[in-house]
Amino acid sequence: SLTDRLQGIFKGLRNRGKLTEPDVNDALRQVRLALLEADVNFRVVKELIAAIKQRAIGQEVLQSLTPEQHVIKIVHEEMTKLLGEGEAKLQIAAKPPTVIMLVGLQGSGKTTQAGKLALYLRKQGKRPLLAALDVHRPAAIKQLQVVGAGLDIPVFTLGEQDPAQIARAAVSHAESHTLDVVILDTAGRLHVDDQMMAEAKRIAAAVTVHETLLVVDAMTGQDAVNMAEAFTEALPVDGFILTKLDSDTRGGAAISIRAVTGRPIKFVGVGEKMDALEVFHPDRMANRILG
Amino acid sequence: LMSRRGIDDELFEELEELLVRADVSIHTTTRLVEELREAARREKLRDAEGVRAYLRQELVNLLMEGHRPLTQPPTPPAVYLFVGVNGVGKTTSIAKLAHLLKRRRQKVLLAAADTFRAAAIDQLEVWGQRVGVDVIRQKEGSDPAAVVFDALQAARARRADVVLVDTAGRLHTKTNLMEELRKVHRVIERELGRPPDETLLVLDATTGQNAVSQARTFKDAVNVTGLVLAKLDGTAKGGNILTIQNELKIPILLVGTGEQLDAIEEFNPKQFVDALFA
Ligand SMILES: Nc1nc2c(ncn2[C@@H]2O[C@H](COP(=O)(O)OP(=O)(O)OP(=O)(O)O)[C@@H](O)[C@H]2O)c(=O)[nH]1
Ligand SMILES: Nc1nc2c(ncn2[C@@H]2O[C@H](COP(=O)(O)OP(=O)(O)OP(=O)(O)O)[C@@H](O)[C@H]2O)c(=O)[nH]1
Ligand SMILES: [Mg+2]
Ligand SMILES: [Mg+2]
């Protein structure tokens with residue numbers, strides 16, 4: 001682990017007496033390696049190391065009896081600062097229904113997270129409606145219907161129609177059935193696919209969306225920054241759901257997407273079952289990324 | 001102007017950034033850049049362009065190792081088992097490969113051995129219809145090994161040339177799911193009298209360093225013979241396959257470049273390296 005590596009460095013040094021700036025630079029090299037291995041974006045790592053270095057060459061480290069503890073503490077604090085506060089606040093509409101739109105790359109976990117969100121909101125006393133806006137992927141509508149049936153939560157579909165149409169119809173269906181949250185499950189799309197990004201914009205323009213969540217796979221590598229930036233420029237992304245955190249991926253993409261867009265991670269997916277949705281904890285995430 | 005640029009630290013830093021941002025591991029990148037500095041001295045490379053060209057050739061050479069077509073067994077059917085973590089593109093890659101092989105006049109059969117995920121069997125059946133190949137399936141929730149057994153019997157009876165086996169996405173860290181996969185692999189081996197002709201690990205090109213961990217664990221569990229790198233039509237470069245090829249000796253055989261049936265190609269090392277440097 002990083003702590004072990006830093007201990008190794010500082011152990012060799014402490015025998016020589018006073019800690020110097022070059023010693024701290026050695027330590028920072030190890031921190032940089034750990035962050036890159038954890039998939040934190042190359043440029044974000046540069047900024048993070050600069051911020052850590054500023055503090056690490058201060059007296060608190062140079063005069064410490066356990067410098068590795070201090071460096072770890074600084075690294076942890078700087079990372080947690082970047083990850084933001086754990087705030088799962090979803091925008092609730094003044095006049096129902098609240099409309100939540102899920103977007104993201106192919107296979108990131110949108111359809112599964114749609115079900116999980118619906119269950120989460122129902123447990124909070126809401127009456128959710130799932131809406132099937134993926135008219136592209138084979139059996140996508142069926143998949144959402146099976147998810148909804150398993151939860152006994154209604155699924156709205158018009159089959160393979162224009163998704164903007166389906167969104168409008170789903171919202172008016174919710175209004176006439178006093179359902180107070182509509183969760184729009186959309187097709188996976190590439191941020192560089194102009195047609196599909198135009199479709200997403202059309203959906204977002206067709207109804208009032210109160211919460212746009214970008215669903216991101218926690219094992220995403222350096223590309224996380226490109227796609228998060230592109231999605232956030234095209235759509236009013238309010239935050240992220242980071243999925244598949246039940247894997248052993250370090251999840252550095254979490255820092256990258258937050259650092260580059262300023263939007264918060266609101267939820268994390270930790271399994272395939274419908275109850276596998278948790279509120280985001282920045283300090284736990286920092287621990288995980290540090291490894 | 002660019003090609004007359006000299007060789008300096010800044011050049012090697014730029015190349016390091018290019019590789020890391022392509023998801024080549026920092027460990028592999030550091031090694032490659034060190035060797036490159038060595039080569040620049042030894043070969044007396046004269047400018048930045050020379051260094052770049054040398055690196056590109058090194059990467060192509062690395063990826064050419066183990067470059068080969070899909071394995072064809074002496075007696076049909078060829079059985080290709082598709083494995084990988086959740087959402088990477090297994091089912092879609094199977095549909096595309098089925099389409100490609102059918103166009104080469106092969107008789108293809110699909111085995112719907114993802115009996116777990118919502119509408120997984122439906123998804124493969126829709127693809128089967130579109131491609132024009134049969135899908136062997138059972139009820140949702142049935143034993144995947146039983147579906148595979150059925151599919152191999154059907155393949156013999158119908159004289160199929162190829163069987164493509166779809167399995168459920170599973171995290172390599174879930175030991176019970178990896179054990180289920182081992183069982184599927186064993187059933188194939190027992191019925192065929194040899195292991196599957198390919199055990200293809202499908203990787204998502206957007207995945208970072210976890211891809212190496214996935215490859216390692218799946219290889220230990222079911223002896224992965226090749227990689228399928230899907231979603232290369234995005235902006236991610238898939239550089240982690242360099243480490244997988246180099247350290248685990250697993251060659252990349254196919255790449256997925258979109259969601260349509262024709263969006264699959266045999267892996268081309270030169271094209272891949274060109275895209276890394278684009
Ligand atoms: N282990 C794990 N698997 C997950 C999680 N969330 C989703 N999955 C799985 O990931 C795979 C893809 O999930 P989907 O919900 O179909 O993803 P999607 O974004 O809707 O996919 P497209 O609609 O094709 O873009 C499925 O096998 C899910 O069961 C999670 O938090 N953990
Ligand atoms: N752009 C692009 N999308 C792809 C590619 N391959 C697959 N996809 C998409 O990725 C999503 C997931 O594909 P699947 O084939 O369902 O993935 P899977 O591995 O079978 O998923 P699970 O069975 O849930 O684990 C779908 O939306 C596919 O259309 C590709 O090469 N390029
Ligand atoms: Mg979906
Ligand atoms: Mg599948």
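Within every chain, numbering begins at 1; the chains are lettered A, B, ... in the order of the sequence lines, protein sequences first and strands thereafter.
For the residue pair A:Gln143 and B:Gln123, no side-chain donor N or O sits within less than 3.5 Å of a side-chain acceptor on the partner.
Only the side chain of B:His172 comes within contact range of chain A, judged by heavy atoms closer than 4.5 Å. Heavy-atom distances place the side chain of B:Ser213, and not its backbone, under 4.5 Å from chain A. For chain A, the nearby part of B:Glu259 is the side chain; its heavy atoms alone come within less than 4.5 Å. For A:Lys110, no part lies under 4.5 angstrom from a heavy atom of chain B. Using a 4.5 Å cut-off between heavy atoms, B:Asp233 contacts chain A through both its backbone and its side chain. Residue A:Arg250: no heavy atom, backbone or side chain, is found under 4.5 Å from chain B. There is no contact between A:Asp193 and chain B, counting heavy-atom distances below 4.5 Å. Interface remark: A:Leu144 contributes no atoms to any contact with chain B (heavy atom separation under 4.5 Å). In this structure, the portion of B:Val85 lying under 4.5 Å from any heavy atom of chain A is its side chain and not its backbone.
We find the CG-CG distance between A:Asp246 and B:Leu171 to be 5.0 Å, quoted to the nearest 0.5 Å. A distance of 5.5 Å separates CD of A:Gln222 from CG of B:Asp23, quoted to the nearest 0.5 Å. Here the straight-line distance linking atom CD1 of B:Ile26 with atom CG of A:Leu36 works out to 5.0 Å at 0.5 Å rounding. To the nearest 0.5 Å, atom CG of residue B:Asp204 and atom OG of residue A:Ser108 are 9.5 Å apart. Atom CD in A:Glu272 sits 6.0 Å away from atom NZ in B:Lys174 (nearest 0.5 Å).
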**Request:** I would like to know whether A:Asp248 and B:Thr173 meet side chain to side chain donor-acceptor pair (under 3.5 Å); could you show each step before the answer?
**Result:** CA-CA 7 Å; A:Asp248 62 349; B:Thr173 46; 5.3 Å; no
**Message:** I'd like to know whether B:Thr207 forms a side-chain contact (heavy atoms from CB on, under 4.5 Å) with A:Thr220, so could you lay out the CA-CA distance, the side-chain angles of the two residues, the decisive distance to 0.1 Å, and finally the verdict.
**Reply:** CA-CA 4 Å; B:Thr207 300; A:Thr220 308; over 6 Å; no
**Asked** Taking it one step at a time, do B:Glu17 and A:Lys46 satisfy side-chain contact (heavy atoms from CB on, under 4.5 Å)?
**Response** CA-CA 11 Å; B:Glu17 177 166 349; A:Lys46 240 186 184 152; 4.3 Å; yes
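Residues passing the side chain to side chain contact (heavy atoms under 4.5 Å, CB included) test with A:Thr261, sequence neighbours excluded: A:Ala228, A:Thr232, A:Phe240, A:Arg263. Residues satisfying the side chain to side chain donor-acceptor pair (under 3.5 Å) criterion with A:Lys53, sequence neighbours excluded, are A:Asn25.
Between B:Asn210 and A:Asp39 the shortest heavy-atom distance is N-OD2, 4.3 Å. When all heavy atoms of A:Pro138 and B:Val126 are compared, the closest pair comes out as CB-CG1, 3.7 Å. When all heavy atoms of A:Lys244 and B:Asn86 are compared, the closest pair comes out as NZ-O, 2.9 Å.
Between B:Thr206 and the options A:Leu105, A:Leu190, A:Val216, A:Asn226, a side chain to side chain contact (heavy atoms under 4.5 Å, CB included) holds for only A:Leu105.
Shown here is A:Arg122, whose CZ atom has more than 12 heavy atoms of other residues, nucleotides or ligands within 6.0 Å.
Looking only at heavy-atom pairs under 4.5 Å with chain B, the residue among A:His136, A:Gln145, A:Arg137 that has the most is A:Arg137.
Comment: B:Glu16 engages A:Arg32 in a salt bridge, judged by a side-chain N to carboxylate O separation of less than 4.0 angstrom.
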